[in-house]
Structures are given as C-alpha cells and as structure tokens.
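Worth knowing before you read on, the calculation uses all heavy atoms, side chains too, and leaves out hydrogens, waters and symmetry mates. Each residue takes its place number in the sequence, starting with 1.
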Amino acid sequence: MLRLHLIFPPDRHSWNLVEGWERMARRLDWNVKVSKLGKSSAIDIAKNCRDGEPPDLVLAIGGDLHMAALHESAEIRKIWNKVDCPRVCLAYESLRDSLWPESRRKLESSLEVFTHYAVCDEVDEPWVTGLGRPACWVPQGVDVETFRPRGKARVRRVFFR
C-alpha cells in the first residue's frame, strides 16, 4: 500500500481541491497522512517526513508559491533533501508566466526541494523540465462527489469555474 504524505496550504482556496485529493487517495486505499501548513510548522512537517514513518511519496499542493515556507530557508532544504522519496509539487498557478512578486525566487528555492512537478499551466511542463525537474501537465477538474446535479438526474457535462 502506497504511503502518501499530503501537504496542504494554510488558506482554504477553492482551487486546492483539498478534500478531493485526500478523498481520491483514500479511495485508492493508500495510507494517507495529511499535514496543513499553519497548523504545523514547515520545519515540523519536513522533519516528520524525514524522521517519522517514511512516506513513499510527498505531494505538496501549491508547494511552489503558496507554501514557500516549505523551501525558503537553507535549514529546511537540508531536511527535505534527507527525505528519501519523490517530493512532488502541485503548482496550481502559472510558474513561467507568473506576475506575482517574488515568484521567480520562490520557484528557484522550490527546485532545491521538489524532485517532480505537476503543473496546471500547460506551458510550464516543458519549461520546468528544462530547469532540470520532471514535470507533467495536470488539467484541472472537479470531484464528481462534490459537484452533482440538484433535483432530477441530469446528463453530466463539463464544469467550468
């Protein structure tokens, strides 16, 4: 059984799909541990991944820009680099074309921690790969358990938000 450590940002953004990620992993019968930055410190999360029951995979939802505390300090980068499993960053903002201040600096420090990237902007896949990290484009979707037609059954259609 896969041991997955999910790390969620401190704020509840609708595009995190937090419950969907956790629900999907549990449906696959994976052993899921969840940490939420803010309830736990970034250092504690990294140390737990390093020293606790070792995960097979770490997935940080928004680990690039929204949880920069996971990788900004040299101290925490040393801890993460002793976590012996793939550390995946799900980037749900554009990386290459970000207009947010400090984005480039945050991305650069994240490259020192994350071994793989799942990106929501299709232009980021080849760009991040060119920066030396495997990347894949993950089109956004919705959880069909959360978004259901109300009332009489309807044909399911594509949902945009």
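- What you find for S109 and H71 is that their closest heavy atoms are OG-ND1, 2.6 Å.
- By the side chain to side chain contact (heavy atoms under 4.5 Å, CB included) test, W127 is found to be paired with L95, R96, R104, L107, D124, L131, residues two or more places apart in sequence or in another chain being considered.
- Follow the hydrophobic side-chain contacts under 4.5 Å out from F8 and you reach V32 in the same cluster.
- One hydrophobic cluster, built from ILVMFWY side chains closer than 4.5 Å, holds both L28 and V88.
- Neither Y92 nor V128 shares a network with the other; the hydrophobic side chains, linked directly or stepwise wherever heavy atoms of I, L, V, M, F, W or Y lie under 4.5 Å apart, form separate groups for each.
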Determine all donor-acceptor pairs shorter than 3.5 Å in which one atom belongs to a side chain in residues 114-123; sequence neighbours excluded.
from	atom 1	to	atom 2	distance (Å)
T115	OG1	R87	N	2.9
T115	OG1	R87	O	3.3
Y117	OH	S110	O	3.2
Y117	OH	S110	OG	2.7
Y117	OH	L111	N	3.2
D121	OD1	V123	N	3.2
D121	OD2	S94	OG	2.8

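- At a threshold of 4.5 Å between non-hydrogen side-chain atoms, the residues S98 and L65 count as touching.
- Here the closest non-hydrogen pair linking S35 and H5 is OG-NE2, 2.7 Å.
- Under the 4.5 Å side-chain heavy-atom criterion for ILVMFWY residues, a single connected hydrophobic cluster contains both L37 and V83.
- With sequence neighbours left out, the side chain to side chain donor-acceptor pair (under 3.5 Å) criterion links D44 to S41.
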Task: Chi angles and distances behind the side chain to side chain contact (heavy atoms under 4.5 Å, CB included) call for L4, N31 - done: CA-CA 6 Å; L4 173 66; N31 179 347; over 6 Å; no
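- Hydrophobic cluster membership differs between V34 and I7, with clusters built from Ile, Leu, Val, Met, Phe, Trp and Tyr side chains linked at under 4.5 angstrom.
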Mind listing the side-chain donor-acceptor pairs of residues 45-60 below 3.5 Å, one per line with the distance, residues two or more places apart or on another chain?
from	atom 1	to	atom 2	distance (Å)
N48	OD1	K33	NZ	3.3
D56	OD1	R3	NH2	3.2
D56	OD2	R3	N	2.7

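- In this structure, CH2 in W80 is found 13.5 Å from CD in E75, a value given to the nearest 0.5 Å.
- Shown here for P10 and M67, the closest heavy-atom pair between the two residues is CD-CG, 4.4 Å.
- Residues passing the side chain to side chain donor-acceptor pair (under 3.5 Å) test with R133: none are found, sequence neighbours excluded.
- Residue pairs meeting the salt bridge (Lys or Arg N to Asp or Glu O under 4.0 Å) criterion with at least one member in residues 105-115, sequence neighbours excluded: E72-R105, R77-E112, E102-R105.
- The minimum heavy-atom distance between D64 and A91, with the atom names listed, is OD2-CB, 3.3 Å.
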